[in-house]
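Structure record follows, encoded as structure tokens.
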Amino acid sequence: LISSIEQPLSIARVIDAILGDKGASISLSSIKYGPGPQVAIRGMAKDRETLIAFIKSLQGNIMFGEVSSPISNLIENRDIAFSIDMKIVK
């Protein structure tokens, strides 16, 4: 009988999930892991629509339970410096 024990997510899997969601019009300048199951990302988006699509993609990813984007991320129309904080759940 083999039992399966849930393993914690590796940071590599978390980064792969973020990079898989970002698309060509998003560039990331930093990914900070921790404390606890938290991830903070910073970067630049080509335009508001691209940033909104990226945020929605992260929100739809089952790995992230909470995705927070301050309203200040949406003030500019183009060349947007953004920050997003996420809680890892899976």
Side-chain angles (χ1 to χ4, degrees):
L1 180 68
I2 298 174
S3 67
S4 113
I5 299 172
E6 189 171 320
Q7 297 294 319
L9 281 177
S10 71
I11 186 63
R13 282 188 58 208
V14 172
I15 291 171
D16 284 346
I18 293 168
L19 294 178
D21 284 338
K22 79 171 192 63
S25 296
I26 298 280
S27 62
L28 300 179
S29 56
S30 72
I31 300 175
K32 181 181 173 190
Y33 186 72
Q38 302 288 328
V39 176
I41 59 176
R42 308 290 177 261
M44 292 289 293
K46 178 182 170 186
D47 54 44
R48 186 183 299 149
E49 292 76 25
T50 300
L51 179 57
I52 291 170
F54 179 50
I55 293 166
K56 286 183 178 182
S57 181
L58 293 169
Q59 289 170 333
N61 189 319
I62 62 169
M63 190 177 293
F64 307 118
E66 194 175 301
V67 178
S68 301
S69 171
I71 196 72
S72 59
N73 284 348
L74 302 176
I75 292 173
E76 298 295 327
N77 287 324
R78 300 187 62 71
D79 301 321
I80 302 165
F82 67 85
S83 64
I84 299 172
D85 298 315
M86 301 175 292
K87 183 175 182 177
I88 301 168
V89 294
K90 217 170 206 203

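Numbering starts at 1 and runs along the sequence shown. Just so it is clear, the structure is predicted and the values come from calculations on it, not from any experiment. In what follows, every heavy atom counts, from backbone to side chain, and hydrogens, waters and symmetry copies are set aside.
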Exercise for the section: For residues A45 and L51, report the shortest heavy-atom separation together with the two atoms involved. Expected result: CB-CB, 3.8 Å
Practice task
Give me the one residue out of K87, K56, M86 that meets side-chain contact (heavy atoms from CB on, under 4.5 Å) with V67.
Solution key: M86
Practice task
Any chance you could measure S29, atom OG, to R42, atom CZ, to the nearest 0.5 Å?
Solution key: 8.5 Å
N/O donor to acceptor pairs below 3.5 angstrom from side-chain atoms of residues 70-77, sequence neighbours left out:
| residue | atom | partner | partner atom | Å |
| --- | --- | --- | --- | --- |
| N73 | OD1 | S83 | N | 3.2 |
| N73 | ND2 | S69 | OG | 2.8 |
| N73 | ND2 | S83 | O | 2.7 |
| N77 | OD1 | R48 | NH1 | 3.2 |
| N77 | OD1 | R48 | NH2 | 2.6 |

Problem - Euclidean distance, F64 CZ relative to I18 CD1, rounded to 0.5 Å - result: 4.5 Å
Exercise for the section: Take I84 and F54 through the side chain to side chain contact (heavy atoms under 4.5 Å, CB included) test and state the conclusion after the steps. Expected result: CA-CA 10 Å; I84 299 172; F54 179 50; 3.9 Å; yes
Practice task
Measure across A17 and M63 and return the closest heavy-atom pair with its distance rounded to 0.1 Å.
Solution key: CB-SD, 3.8 Å
Practice task
Apply side chain to side chain contact (heavy atoms under 4.5 Å, CB included) to the pair V14 and I31, showing each step before the final yes or no.
Solution key: CA-CA 10 Å; V14 172; I31 300 175; 5.9 Å; no
Completion exercise
Residues passing the side chain to side chain donor-acceptor pair (under 3.5 Å) test with D21, sequence neighbours excluded, are S57, N61
Problem - Greater than 12 external heavy atoms within 6.0 Å of E66's CD - result: no
Exercise for the section: Look at the side-chain heavy atoms of Ile, Leu, Val, Met, Phe, Trp and Tyr, link any pair under 4.5 Å apart, and say whether L19 and M44 land in one connected group. Expected result: no
Handout entry: Non-neighbouring partners of D47 that pass salt bridge (Lys or Arg N to Asp or Glu O under 4.0 Å), sequence neighbours left out
Key = none
Exercise for the section: Apply side chain to side chain contact (heavy atoms under 4.5 Å, CB included) to the pair I15 and Y33, showing each step before the final yes or no. Expected result: CA-CA 10 Å; I15 291 171; Y33 186 72; over 6 Å; no
Problem - Nearest-0.5 Å distance, OG1 of residue T50 to CZ of residue R78 - result: 8.5 Å
Exercise for the section: Calculate, to the nearest 0.5 Å, the distance between atoms CG and NZ belonging to D79 and K46 respectively. Expected result: 9.5 Å
Problem - Spatial distance of atom CD1 (I80) from atom CD (E49) [nearest 0.5 Å] - result: 8.0 Å
